[in-house]
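Single-structure report; data block below.
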Amino acid sequence: MSQKQIIGGDVVFGGRKLPLSWAVRAGDFVFVSGTVSVDENGVPQLGCGIEEQTRNALLYIEKVLKDAGCTMADAVKASVFLKNPEDMAAYDAVYAEFFPDGPPARFTVVTDFVAPGVLIEIEVTAYKPLN
């Protein structure tokens with residue numbers, strides 16, 4: 001097996017194929033790219049509030065991790081980019097549903113996004129030995 005395995009199909013945003021992968025497995029680690037609110041096919045869903053955008057992003061991350069042979073319980077690090085600081089409590093409540101026990105290490109920063117309508121972006125690193 002190669003040292004690097006690409007997980008997931010093409011990443012398309014705004015009708016444009018982006019030069020990135022949904023996730024990459026490198027040895028025992030799986031690195032999931034920053035994920036915004038998308039549906040089960042990876043199509044952006046941005047006309048909704050912070051709770052729905054958080055849930056959509058985490059559901060897609062869960063799908064990508066499953067494709068890599070992992071679960072959310074294998075997540076060891078999460079990086080979260082949040083547009084509005086006042087959304088922190090609402091995003092935290094949804095986030096806790098996906099990581100009820102032993103949540104990954106995490107940081108959250110407040111920032112703006114290039115794409116209009118994006119309220120949150122989440123990237124995750126998971127650890128799952130291959131053998």
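Note that the structure is predicted; figures quoted are calculated from it, not measured. We number each residue from 1, following the sequence as shown.
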Item checked: Close side-chain approach of V38 to V43, heavy-atom, < 4.5 Å -> no
Check: Less than 4.0 Å between a side-chain N and a carboxylate O, is that true for D112 and K83?
Finding: yes
Notebook entry, point to check: If you measure from CG on L59 to CD on Q45, what distance do you get to the nearest 0.5 Å?
Noted result: 12.0 Å
Notebook entry, point to check: Shared ILVMFWY cluster between F113 and Y91, side chains joined below 4.5 angstrom?
Noted result: yes
Check: Between F107 and F81, what is the ring plane arrangement, given parallel below 30°, perpendicular above 60°, and tilted in between?
Finding: perpendicular
Next item on the list: Could you give me the CA-CA distance, side-chain angles and deciding distance for V11 and L18, then say whether side chain to side chain contact (heavy atoms under 4.5 Å, CB included) is met?
Entry: CA-CA 6 Å; V11 179; L18 301 179; 4.0 Å; yes
Next item on the list: Measure the spacing between CH2 of W22 and CD1 of I6 and express it to the nearest 0.5 Å.
Entry: 13.5 Å
Next item on the list: Using a 4.5 Å cut-off on heavy atoms from C-beta on, say whether the side chain of Y60 contacts that of E40.
Entry: no
Note to self: Are D92 and R106 packed together at the side-chain level, in the sense that at least one heavy-atom pair is separated by less than 4.5 angstrom?
What the structure shows: yes
Checklist line | Within one Ile-Leu-Val-Met-Phe-Trp-Tyr cluster: V110 and V114, side-chain cutoff 4.5 Å | finding: no
Note to self: I'd like to know if V64 and L20 are part of one continuous hydrophobic network [Ile/Leu/Val/Met/Phe/Trp/Tyr, side-chain heavy atoms within less than 4.5 Å].
What the structure shows: yes
Next item on the list: I would like to know whether T125 and V30 meet side chain to side chain contact (heavy atoms under 4.5 Å, CB included); could you show each step before the answer?
Entry: CA-CA 6 Å; T125 301; V30 175; over 6 Å; no
Note to self: I need the R55 CZ to I50 CD1 distance, nearest 0.5 Å.
What the structure shows: 11.0 Å
Check: Any idea which heavy atoms bring C48 and L119 closest together, and the distance?
Finding: O-CD1, 3.7 Å
Item checked: Atom pair CG/CG of L65 and D74 - distance to nearest 0.5 Å -> 7.5 Å
Margin query: How close do F13 and V36 get, counting heavy atoms only, and between which atoms?
Written below: CE1-CG2, 3.9 Å
Notebook entry, point to check: What heavy-atom pair brings P104 and Y95 nearest, and what distance separates the two atoms?
Noted result: CG-OH, 3.4 Å
Check: So, the side chain of S21 versus the backbone of A23: is there a donor-acceptor pair under 3.5 Å, distance only?
Finding: no
Notebook entry, point to check: Between V32 and E123, which heavy-atom pair has the shortest distance, and what is it?
Noted result: O-CB, 3.4 Å
Notebook entry, point to check: Can a salt bridge be assigned to the pair D39 and K63 using a cut-off of 4.0 Å between side-chain N and carboxylate O?
Noted result: no
Item checked: R25 (side chain) donor-acceptor with F31 (main chain) under 3.5 angstrom -> no
Notebook entry, point to check: Is the backbone N or O of V118 less than 3.5 Å from a side-chain atom of Q53, with the two atoms forming a donor-acceptor pair by type?
Noted result: no
Note to self: Working to the nearest 0.5 angstrom, can you tell me the gap between T35 OG1 and E121 CD?
What the structure shows: 7.0 Å
Check: Any side-chain heavy atom of M72 within less than 4.5 Å of one from L58?
Finding: yes
Next item on the list: Could you walk me through whether V124 and S79 pass side chain to side chain contact (heavy atoms under 4.5 Å, CB included), step by step?
Entry: CA-CA 6 Å; V124 169; S79 304; over 6 Å; no
Notebook entry, point to check: Atom OG of S33 and atom CD1 of I7: how far apart are they, to the nearest 0.5 Å?
Noted result: 11.5 Å
Margin query: For a quick test of reading the model, state the closest non-hydrogen atom pair linking K17 to D10 and the distance between them.
Written below: CE-OD1, 3.4 Å
Check: How close do L46 and S37 get, heavy atom to heavy atom, and via which atoms?
Finding: CD2-O, 3.9 Å
